Amino acid sequence: MKRIDKLDVLIGEKQVGTLAETKDGLAAFQYSDQWLSAGYALNPFSLPLAKKVFLPNYDPFEGIFGVFADSLPDGWGRLLVDRYLKKTLKVNVDEISNFYRLTFVSDAGMGALSYQPSQMLESHVMPYDYDTIALECKKLLEQDTVGNLDELFLLGGSSGGARPKILTEIDSESWIIKFPSSYDDLDIGLQEYEYSLCAKACGLEMSETRLFASKECAGYFGTKRFDRRQTSSGKQRIHMVSLSGMLETSHRIPNMDYNQLMRLTMLLTNDMREVEKMFSFMCFNVFAHNRDDHSKNVSFLYDEQQQRWKMAPVYDLTYSNSIGGEHATTIDGEGKRPGMENILSVAKKAAMDCKRAKIRAAEIRDIVRECLGKYLG
Ligand SMILES: Nc1ncnc2c1ncn2[C@@H]1O[C@H](COP(=O)(O)OP(=O)(O)OP(=O)(O)O)[C@@H](O)[C@H]1O
Ligand SMILES: [Mg+2]
């Protein structure tokens with residue numbers, strides 16, 4: 001196992017800072033002088049732009065700050081990385097730190113951050129059709145290893161979220177394509193696509209989505225990545241931080257309420273329009289029964305040109321439940337049976353115009369009922 005105890009953190013060509021592993025296995029972070037003079041805070045709460053050494057707690061991200069934890073694959077991507085490390089590098093994955101995991105990210109992680117030096121292995125991916133990839137993903141979930149682990153690893157080893165997925169380029173744009181997990185119905189792709197169309201009809205900001213054809217099921221859901229932008233000078237990487245990363249809290253613990261999300265959005269963006277976007281997202285989740293609204297299913301983007309934070313376009317919208325069938329993020333304290341009353345209470349506490357909030361919530365409710373009625377029963 002190669003020993004690396006220092007990592008440069010970069011955005012594009014610019015050095016943001018350095019991570020160094022302490023004797024206790026914590027990844028201390030320091031901004032570079034160059035970044036201090038012309039950059040921005042990676043996280044204005046836990047990593048404000050200041051000349052000092054920042055030391056994370058061990059919990060909740062095993063000794064790294066949330067913004068760096070966001071660069072690591074989780075769920076499906078982590079499963080691929082772990083199988084790959086075990087099989088190819090003979091690494092005992094139970095003994096490695098999250099800092100060590102960052103040494104495999106290089107520039108393949110979600111969001112803008114990249115890490116150097118890296119021990120990412122170079123290889124070439126065979127061009128597969130989506131049905132073959134879906135089948136290989138299914139096999140990998142059912143058994144310990146498959147013949148083309150290397151290809152699956154290269155296609156999806158950097159991704160976040162539980163479902164099998166690949167990160168791919170289509171017409172020079174970066175896309176995520178998702179495949180059914182072992183607990184999903186085969187029409188999950190179609191469902192997520194219909195949910196995305198409905199969210200757009202409700203006026204929620206969402207990236208372009210597509211249903212990719214399949215001979216095996218109703219289709220695979222794909223979404224254009226909003227943390228990458230094709231520009232005339234190449235691909236721009238956009239700094240993205242999940243709610244979990246922003247608040248240094250694990251998405252596996254359902255400890256959030258939309259009252260907090262609204263307050264955080266105001267603190268971060270100082271823009272009532274962003275707060276209203278969060279409100280619309282909450283309304284959609286309530287009415288469309290998207291209860292898996294955990295803290296990695298909401299993110300914020302930093303707009304370098306405008307020098308400000310914004311709520312990221314919404315994503316991962318499906319008919320879903322969280323622990324005990326409740327919302328992972330409660331609506332003014334209610335997770336099981338949230339209704340208009342709870343929604344309006346959140347609006348009031350966020351100092352929204354209550355009359356407008358009521359009209360907006362009713363509008364979203366009606367569109368959702370019309371578009372997604374077949375899923376909602
Ligand atoms: N359009 C997009 N652009 C950029 N990043 C995205 C986009 N859609 C999703 N992501 C990122 O990829 C991660 C995984 O995507 P998604 O949440 O859709 O997958 P999932 O496997 O269904 O997740 P979960 O584990 O919540 O069920 C998200 O947490 C988010 O960070
Ligand atoms: Mg998700």
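Counting starts at 1 for both ligands and their atoms, following the listed order. Computed from a prediction, not measured in an experiment: that's the story for all the values here.
Taking distances strictly below 2.8 Å, the protein N/O/S atoms close to the Mg ion (ligand 2) are N297 OD1, D316 OD2.
Using a 4.0 Å heavy-atom cutoff, K178 is listed among the residues neighbouring ligand 1.
Every atom of ligand 1 with a heavy atom of M110 under 4.0 Å away is listed here by number and element: 5 (N), 11 (C), 12 (O). Every atom of ligand 1 is numbered from 1 in the order shown, and the set under 4.0 Å from a heavy atom of K224 is 1 (N), 2 (C), 3 (N). Close approach of ligand 1 to N297 (heavy-atom distance below 4.0 Å) involves ligand atoms 17 (O), 26 (O). Atoms of ligand 1 found under 4.0 Å from any heavy atom of K296, numbered from 1 in the order shown, are 29 (O).
In this structure, F221 and Y193 have tilted ring planes: the angle between them lies in the 30° to 60° band.
The shortest N or O to N or O distance between S299 and ligand 1 is not under 3.5 Å.
If you check the side chains of Q119 and T103, you find a donor sitting under 3.5 Å from an acceptor. Of the N and O atoms on the side chains of T249 and N255, at least one donor lies less than 3.5 Å from an acceptor on the other residue.
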- Item | Criterion salt bridge (Lys or Arg N to Asp or Glu O under 4.0 Å) on R365 and E370, from CA distance to verdict | CA-CA 9 Å; R365 180 196 59 204; E370 196 181 316; over 6 Å; no
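In this structure, the ring of Y319 has its center no less than 6.0 angstrom from the ring center of Y375. In summary, the aromatic rings of F65 and F29 are positioned with their centroids too far apart to meet the 6.0 Å limit. Taking the ring centroids of W35 and Y40, they lie under the 6.0 Å cut-off.
Given atom 25 (O) of ligand 1, the protein heavy atom at minimum distance is A162 N, 2.7 Å.
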